[in-house]
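Written out below as structure tokens is the structure these notes cover.
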Amino acid sequence: ETDAYSTEEDSGYASVVEAATACRDRLTLDGVDLAQYNSANSAADVEDLRLALGIDKWNLYGVSYGTRLALTVMRDFPDGVRAVVLDSVYPPNVKGYTEDPANSIAAIETLIKGCAGDEECAGAFPNLKKRFYRVVAALNKTPVEVDDYTYTGDDLVNFLFNSLYDTTLIPYLPLAICAASEGNYDPWVKLDEYANGGEYNYESGGERAGQPGTDNEPPTNDADSQGMFYSVECNESVIFSDYDKAAAMVADYPKSITDGLLESLEETFAVCDIWGAGEADAIESQAVHSDIPTLVTAGEYDPVTPVRWSKLAQRTLPNSYYVEMPRGGHGVTFVDECGERVVRAFFNRPDKRPATSCMEDEYYSFVLDEKELPEP
């Protein structure tokens, strides 16, 4: 239902809330208890799996939401865990959805600040912050048509947010911002096509992902379970967040930036109101304290689990090591051989800080020439 709403003009759903309601009704009629899908129950499943396999202790490797689940296992079933890697941490003791719009803007501004602090990038793309806010406002006021797609300022914000997940895309983003501010949308389009295997991506900045009923029909989103997402997030994160506080946190930013972010957040709260995920116990909003050896990693430009969340989680993990990847995005331990090597070294000797210089001292240089854009 939500896939259809996202990709089809004639899906039959007037809003994402209406689509989610239809999804909820179908699942409920099938006998699904939507309140049973949450981190505490999944952690119990992880423990049962360990026991069923006859494993005395095992390692946990969590990325993004996987860190939330790993932390829950560390809290509820510590005896079965030998060592843990937490990459791009989503700890329970953050007001995730209260911070969400502010985090999105902060990530883009951190990227822009990084360019301003780089002599070559600053020289090639001067006044990038002003350019960014100006082009977003202009596109929201007057969207442009390029190759049968409509581009708005909100689309540009979404494109940048999604691209900041990918460390290998980050070097191209200042170029895309500057070019768009001058009416050249080719870098934006090429980067999005490259990231999505040649198909324009609706969620990261296009009005349509393709035309249903044709050879270019967009595939459904098989990578994620939207229902699982709603059950987990509504149960243990949205319930502890506050829309009004989220709006207050971004009140000083231009409305051309914040309106789209807040509209999306409002939809999330509205879905949670109807979903039926139940309400988590207070412990699901509290920090996890553990002495289990842990490696905590973060990317400087991560748009969804900011660096400060990883550092916050580490405060209550006294037997942990922290490493941050400059200009890194979301999920920095599997983007290249360096991150994988650090993880292997830690699991081999969790009592010793692994060599992390390859992550801390090396980073991708900003791309200044449009000719160097990757081909879709």
Side-chain angles (χ1 to χ4, degrees), residues 1-24 94-109 132-145 149-165 177 180 188 192 200-209 218 221 224 226-227 229-230 232-234 237-275 277 303-306 330:
E1 294 85 351
T2 55
D3 285 341
Y5 171 74
S6 296
T7 59
E8 299 178 20
E9 292 178 350
D10 58 351
S11 67
Y13 302 112
S15 68
V16 67
V17 178
E18 188 174 304
T21 301
C23 181
R24 177 206 64 187
V94 296
K95 308 298 184 185
Y97 287 84
T98 301
E99 296 184 28
D100 186 58
N103 286 345
S104 299
I105 299 173
I108 296 173
E109 288 203 337
F132 166 68
Y133 282 106
R134 187 170 64 239
V135 70
V136 169
L139 287 173
N140 274 336
K141 182 178 180 180
T142 308
V144 298
E145 297 281 343
Y149 293 105
T150 300
Y151 295 80
T152 69
D154 290 340
D155 292 333
L156 179 58
V157 173
N158 291 337
F159 162 73
L160 293 171
F161 174 84
N162 283 283
S163 296
L164 284 167
Y165 273 73
I177 295 171
W188 172 2
D192 197 81
Y200 194 74
N201 182 18
Y202 171 82
E203 291 188 352
S204 66
E207 186 170 277
R208 302 284 290 139
N221 182 5
D224 300 311
Q226 196 66 30
F229 174 83
Y230 287 147
V232 173
E233 294 299 288
C234 294
S237 188
V238 173
I239 190 66
F240 297 115
S241 296
D242 187 306
Y243 175 85
D244 291 335
K245 289 182 179 178
M249 289 180 68
V250 296
D252 292 336
Y253 291 101
K255 288 178 64 64
S256 59
I257 297 289
T258 61
D259 281 352
L261 296 171
L262 291 173
E263 180 181 354
S264 177
L265 182 64
E266 189 174 9
E267 287 181 342
T268 300
F269 276 84
V271 169
C272 288
D273 285 342
I274 61 91
W275 188 251
V304 66
T305 57
H330 185 66

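Throughout, residue positions are numbered sequentially from 1 according to the sequence presented. A quick note: this is a predicted structure, and the numbers were derived from the prediction, not measured.
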Non-hydrogen side-chain atoms of [X] and [Y] separated by less than 4.5 Å:
X: Phe161; Y: Leu261; result: no
X: Trp188; Y: Asp155; result: yes
X: Asp192; Y: Asn162; result: no
X: Thr98; Y: Met249; result: yes

Report the distance from atom [atom1] of [X] to atom [atom2] of [Y], rounding to the nearest 0.5 Å.
X: Tyr97; Y: Cys234; atom1: OH; atom2: SG; answer: 7.5 Å
X: Phe269; Y: Ile274; atom1: CZ; atom2: CD1; answer: 14.5 Å
X: Tyr133; Y: Ser256; atom1: OH; atom2: OG; answer: 8.5 Å
X: Asp100; Y: Ser264; atom1: CG; atom2: OG; answer: 7.0 Å
X: Thr21; Y: Asp273; atom1: OG1; atom2: CG; answer: 10.5 Å

Taking all non-hydrogen atoms of both residues into account, name the closest pair between [X] and [Y] and its distance.
X: Phe132; Y: Val157; result: CZ-CG2, 4.2 Å
X: Ser11; Y: Ala4; result: CB-O, 3.3 Å
X: Ala22; Y: Tyr13; result: CB-CE2, 3.6 Å
X: Phe240; Y: Lys95; result: O-CD, 3.1 Å
X: Leu262; Y: Ala247; result: CD2-CA, 3.8 Å
X: Gly153; Y: Asn140; result: N-OD1, 3.0 Å

Exercise: do Asp3 and Ser6 side chains pair donor with acceptor under 3.5 Å = no
Could you check Val238, Thr2, Thr268 and say which one makes a side-chain contact (heavy atoms from CB on, under 4.5 Å) with Tyr230?
-> Thr2
Would Glu18 and Tyr5 satisfy side chain to side chain donor-acceptor pair (under 3.5 Å), going step by step from the backbone distance to the final call?
-> CA-CA 9 Å; Glu18 188 174 304; Tyr5 171 74; over 6 Å; no
